[in-house]
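Proteins come first, then strands; the chains are lettered A, B, ... in the order of their sequence lines, and each starts at number 1.
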There are 2 protein chains.
Amino acid sequence: MISRERILEAASRVYSKHGFRGATTRLIAQEAGVNEVTLFRTFGSKSALMQAVLVQQQDGAPPTELTDDPVDPECELKVWIQTSLDRLRDMRHLLLHSMGESDERPDAAQFACQGRRTVHDIITRYVRALKKKGLADVNADEEAAAVILVGTVMSDAIARSFVPDVYPPMEQAAERYTNCFLRMLGVKQTTRASVRKTRIHAH
Amino acid sequence: MISRERILEAASRVYSKHGFRGATTRLIAQEAGVNEVTLFRTFGSKSALMQAVLVQQQDGAPPTELTDDPVDPECELKVWIQTSLDRLRDMRHLLLHSMGESDERPDAAQFACQGRRTVHDIITRYVRALKKKGLADVNADEEAAAVILVGTVMSDAIARSFVPDVYPPMEQAAERYTNCFLRMLGVKQTTRASVRKTRIHAH
DNA sequence: CTGGAATGCAAGTATCCACTTGCTTGCTGC
DNA sequence: GCAGCAAGCAAGTGGATACTTGCATTCCAG
């Protein structure tokens with residue numbers, strides 16, 4: 001039964017590269033080092049295989065959580081952003097294709113959406129906790145802020161490879177996004193100076 | 001020569017829906033109300049047709065500019081964001097597919113990138129102008145800010161249709177993004193109260 | 001050592017696709 | 001009214017694709 005996993009992994013790679021239509025069963029079998037017939041015997045059909053790929057991807061990489069009791073927003077957010085950037089960067093091709101094909105394959109659409117909602121809730125909850133503890137401005141728009149943060153992370157993860165020169169260097173991205181975000185929320189930062197130093201130093 | 005435009009338009013629609021591989025010449029011709037042979041006589045090949053589609057789309061909808069001499073950031077940005085949201089929303093399927101297929105079709109990748117750089121420059125230039133006029137905090141990180149704003153707009157335009165409940169209502173989006181963005185830049189706003197009223201009123 | 005399950009291999013089927021050919025039709029400018 | 005050109009139509013070609021079938025091989029458990 002080792003074939004099953006080999007095929008799944010290969011299918012994920014090939015689908016990421018070529019999309020549903022471009023991911024031919026021949027290619028997947030070849031990439032998996034397995035006979036094409038085995039693929040059909042194991043999964044029944046190409047669609048079923050692809051569905052299995054998405055399910056596996058969903059379960060394998062769940063969104064990162066954020067603490068319910070924030071104490072160091074700068075640090076907590078920076079770590080969260082960095083982790084989310086890495087996670088999304090790994091699945092960007094899968095995401096792009098499943099979003100593009102969502103009209104034709106509803107399961108792909110569901111895959112694209114599901115995580116998005118969860119992440120949004122994680123951020124809004126965190127910002128509300130910040131407000132409650134008096135760390136953020138009570139007038140801050142946490143819903144819009146969450147949309148902005150998630151949008152920023154998604155855009156970086158997906159579009160950086162197309163236009164790398166537009167984005168901050170990868171080592172700085174999380175920190176600079178964090179600073180902008182905290183500023184947006186009216187969170188007082190302790191070490192703003194160090195950031196500017198980092199930034200200027202890099203040029 | 002009216003066929004040419006009919007085909008181009010149909011190809012754009014079909015490509016948006018089904019991607020390159022899914023956009024069969026048969027489907028396009030049918031959608032254009034034209035014989036399939038006419039398509040090949042006019043454009044030579046499917047690839048050439050698709051290239052023409054992208055070129056047309058690029059030239060037809062250039063990014064919106066922002067004034068060099070800002071006087072009312074709140075208003076200017078809100079209009080810009082709204083316009084950009086509308087523009088990107090119209091081409092979101094095209095964008096998704098060409099980004100997904102960028103590995104296999106370099107011209108598609110170029111289409112996906114080109115506008116992105118321009119928009120980034122427009123925003124950074126505008127923020128620098130704000131700083132120069134003393135309207136924004138001189139310590140603001142205009143590069144990161146531009147990335148954040150563009151990411152937000154792209155994410156809204158593309159992902160809203162998948163998870164509409166996550167995003168602010170369309171009538172409020174531009175205004176709320178504007179407020180968050182200005183706050184991030186340390187721009188003093190005059191009518192913050194009205195926004196909160198709008199927001200609360202909607203719930 | 002034997003029966004059954006997993007896998008490989010060769011070949012085939014029906015469908016779809018991009019693209020071509022040869023011929024006809026209809027419109028337009030001269 | 002006629003030459004020429006754009007477009008339609010019918011048919012076909014070669015290749016790729018998803019999926020099937022029949023049979024041989026390996027390998028492990030009882």
Among all residues two or more places apart in sequence or in another chain, which pass the side chain to side chain contact (heavy atoms under 4.5 Å, CB included) test with [X]?
X      : answer
T83(B) : T64(B), V79(B)
F43(A) : R4(A), I7(A), L8(A), L49(A), A52(A)
R87(A) : A61(A), P63(A), M91(A), V119(A)

Roughly how many Å is it from [atom1] in [X] to [atom2] in [N], rounded to a whole number?
X      : N       : atom1 : atom2 : value
L39(A) : dA6(C)  : CG    : P     : 16 Å
N35(A) : dC19(D) : CG    : C1'   : 13 Å
R4(A)  : dT7(C)  : CZ    : P     : 11 Å
Q30(A) : dT17(D) : CD    : P     : 11 Å
I7(A)  : dG8(C)  : CD1   : C1'   : 12 Å
I2(A)  : dG8(C)  : CD1   : C1'   : 16 Å
I28(A) : dC19(D) : CD1   : P     : 11 Å

Residues 14-24 of chain A side chain polar contacts: donor-acceptor under 3.5 Å, at least two apart:
unit_1, atom_1, unit_2, atom_2, d
Y15(A), OH, E101(A), OE1, 2.8
Y15(A), OH, R105(A), NH2, 3.1
S16(A), OG, S12(A), O, 2.9
H18(A), ND1, E104(B), OE2, 2.9
R21(A), NH2, E104(A), OE1, 2.9
R21(A), NH2, E104(A), OE2, 2.1
T24(A), OG1, L27(A), N, 3.1

Exercise for review: Would you please confirm or rule out a distance under 4.0 Å between OP1 or OP2 of dG8(C) and any side-chain N or O of T38(A)?
Suggested key: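 Yes.
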
Review point. Are the side chains of Y177(A) and V147(B) in touch, meaning some heavy atoms are under 4.5 Å apart?
Key: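 Yes, at least one pair of side-chain atoms sits under 4.5 Å.
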
Revision key, fill the gap. Whether each nucleotide of nucleotides 11-23 of chain C has a protein heavy atom under 4.0 Å at its base (B), only at its sugar-phosphate (S) or at neither (-) is summarised, 5' to 3', as ------BBBBB--

Point to revise | side-chain hydrogen bond (donor to acceptor under 3.5 Å, both in side chains): pairs with one or both residues in residues 43-57 of chain A, sequence neighbours excluded | key: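 Qualifying pairs, neighbours excluded: none.
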
